[in-house]
Protein chains: 2
Amino acid sequence: MTETAQTISDRIHQMLDDLTRAERQLALSVLENYPASGLGPLAMLARDAEVSVPTVARMVQKLGYKGYPEFQAGLREELKARGKTPIAKHDTWAEAAPSGHILNRFTEAVIDNIRLTLGQIDPASFDQACALIADEAHHLYIVGGRITHTLAEYLFLHMQVIRPDVTHVQSTSNTWPHYLLNAKEGDVFVIFDVRRYENNTLKLAELAHARGARIILMTDQWRSPVHQLATVCLSNRIVVPSAWDSATTIMLLLETMISAVQTLNWSQTKARIEELEDMFDQTKLFRKFT
Amino acid sequence: MTETAQTISDRIHQMLDDLTRAERQLALSVLENYPASGLGPLAMLARDAEVSVPTVARMVQKLGYKGYPEFQAGLREELKARGKTPIAKHDTWAEAAPSGHILNRFTEAVIDNIRLTLGQIDPASFDQACALIADEAHHLYIVGGRITHTLAEYLFLHMQVIRPDVTHVQSTSNTWPHYLLNAKEGDVFVIFDVRRYENNTLKLAELAHARGARIILMTDQWRSPVHQLATVCLSNRIVVPSAWDSATTIMLLLETMISAVQTLNWSQTKARIEELEDMFDQTKLFRKFT
DNA sequence: ACAATTGTGAAAGAAATATAACACGTCGAT
DNA sequence: ATCGACGTGTTATATTTCTTTCACAATTGT
């Protein structure tokens with residue numbers, strides 16, 4: 001295990017003592033700003049380290065690489081791996097299962113999706129989206145497609161509690177034009193559209209946009225064509241080892257949004273939630289305890 | 001300050017809107033593991049992004065560089081500069097947002113949930129659940145509650161494609177007893193029940209159990225009372241900084257299950273999926289591309 | 001003075017890049 | 001439906017750059 005888990009930087013450090021003058025000079029220069037300097041041309045590295053070109057060539061072979069390009073490839077690999085957050089480096093999430101088990105492979109992919117999605121999100125846009133959704137002065141429409149209507153429904157169920165004037169529209173239903181009749185300028189549409197993008201959804205978005213509505217789009221990394229009409233576009237990475245796409249990242253953003261919106265509207269929401277709880281108590285739909 | 005402090009990654013993000021399909025594909029690939037992928041040979045980048053070599057060449061010029069090597073030099077500069085700043089900062093997921101922003105707080109909590117949930121899952125039970133769900137010899141019932149029916153529906157939509165004989169039952173509906181009339185011994189029930197646990201769901205589970213059905217329960221860390229009747233019980237941690245519980249972890253497990261079941265049934269599923277694609281193509285419900 | 005190390009210069013060879021020409025498909029306008 | 005503009009991939013080629021390796025001189029330490 002001393003072999004595999006070792007970074008190139010470690011290996012250089014280790015052999016630092018056995019090196020000759022020029023080699024050590026080179027090694028230290030590589031470590032100086034690691035790994036950037038090793039990723040340039042060989043000649044540049046030689047110049048920066050103030051050693052000759054052949055010295056560099058001999059050195060990389062001493063490190064066990066067949067040539068300089070191979071050494072660079074090693075550095076790039078390392079850099080790629082480092083890009084992942086420490087927490088993301090778990091190779092086994094389900095500790096009892098082998099790392100090749102679908103539980104680990106899938107989770108790994110989802111964590112990656114989350115990392116990349118969050119990394120490229122603009123907090124200002126996100127906040128703006130939350131503000132739009134929280135704005136009770138305008139009606140809120142929530143639109144989902146064939147698969148995504150489940151996410152839309154999830155958002156709807158929560159929004160229904162948090163604020164009045166919420167409607168869930170299913171773009172695959174042929175009744176949606178009726179809803180649009182009531183849409184007024186300034187109304188807010190939360191639209192879910194991931195590949196394969198649905199024509200109905202696009203048409204709905206176009207009509208809504210034409211009526212002066214503002215659109216918040218939840219889509220994938222390739223972005224539904226709706227994004228051209230959207231006020232805010234939140235794109236999620238959805239790639240997993242499966243024949244299907246993943247909605248987990250979208251769900252995460254969704255719940256974060258729900259939490260944020262709720263905070264914005266807390267004074268009103270509080271009363272509404274209490275009322276709802278009362279109603280549930282009365283209907284005895286739920287158990288108080290196990 | 002908007003000029004100088006701009007990283008290449010920022011610039012790519014900015015122009016993302018104005019890019020064409022192949023260019024965006026390339027841009028996303030560059031950002032995928034940034035900056036490692038941009039430091040390899042041009043041809044390798046092109047291959048990874050699944051675009052042609054000239055596309056990359058055209059793109060770097062569009063970014064304002066005289067050639068690919070100059071672009072790489074820019075990346076190296078950036079990398080060198082980054083190495084000098086104190087590292088840390090890796091605790092934020094949405095890098096552009098302060099660590100106290102809800103995006104980071106919420107994501108942190110969800111990652112925790114995932115880690116803890118996966119850590120205590122028994123892979124054997126999980127595999128058993130998948131096998132039960134994949135078993136086409138028995139009817140599959142999927143049961144959700146007031147909120148969780150969205151998750152149930154999500155599972156249902158996928159299972160519908162993967163195998164025959166699937167029914168989605170909503171425990172809050174008063175029609176569910178009708179479904180149970182058809183339930184036979186050995187049939188499989190996937191039941192979602194998180195707090196607050198629903199009386200209807202428990203009753204349904206009891207009846208199903210009495211008829212000799214096997215129950216797979218998706219619940220929270222405190223486990224719905226249904227768990228005493230369940231063949232397999234998958235409990236999820238669902239605590240987040242919100243007035244609501246999180247379904248993200250459940251969604252993750254769900255999708256993993258879908259992927260696993262699909263692999264088990266691949267021979268049958270393949271044909272079903274192709275058939276479905278054909279039908280979609282014919283109805284023109286979906287767009288092929290942007 | 002000897003051996004090991006290192007640098008110089010050069011040249012062959014390999015690899016990567018830049019560019020051009022052309023074919024194909026998509027999309028929108030007419 | 002037809003045309004043309006546009007984007008893109010393919011193929012091919014010229015050109016540059018980078019790498020590798022050689023022989024040999026210079027330097028250093030022993």
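The figures that follow rest on heavy atoms only: side chains count, while hydrogens, waters and symmetry mates do not.
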- Between Arg214(A) and Asp187(A), is a salt bridge (Lys or Arg N to Asp or Glu O under 4.0 Å) present by the stated rule, with each step listed? CA-CA 6 Å; Arg214(A) 286 159 305 173; Asp187(A) 281 356; over 6 Å; no
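- Below 30°, between 30° and 60°, or above 60°: for Tyr65(A) and Phe71(A) the angle between ring planes is above 60°, a perpendicular geometry.
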- Note on the structure: Readout for nucleotides 6-20 of chain C: B = base within 4.0 Å of protein heavy atom, S = sugar-phosphate only, - = neither; 5' to 3' it is BBB-------SSSS-
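- Atoms OG1 and CD, on Thr231(A) and Gln128(A) in that order, are 7.0 Å from each other to the nearest 0.5 Å.
- Between Arg76(B) and Gln72(B), the side chains place no donor N or O within less than 3.5 Å of an acceptor N or O (distance only, hydrogens not considered).
- Checked by atom type, the side-chain pair Asp10(A)/Thr7(A) shows a donor-acceptor distance below 3.5 Å.
- If you walk DNA chain D from 5' to 3' and mark each nucleotide with an atom closer than 4.0 Å to a heavy atom of chain A, the marks span dC18(D) to dT21(D).
- Here Glu23(A) does not pair with Arg58(A) in a salt bridge; the nearest charged N to carboxylate O distance is not below 4.0 Å.
- Between the side chains of Tyr197(A) and Asp220(A), at least one donor N or O sits under 3.5 Å from an acceptor N or O.
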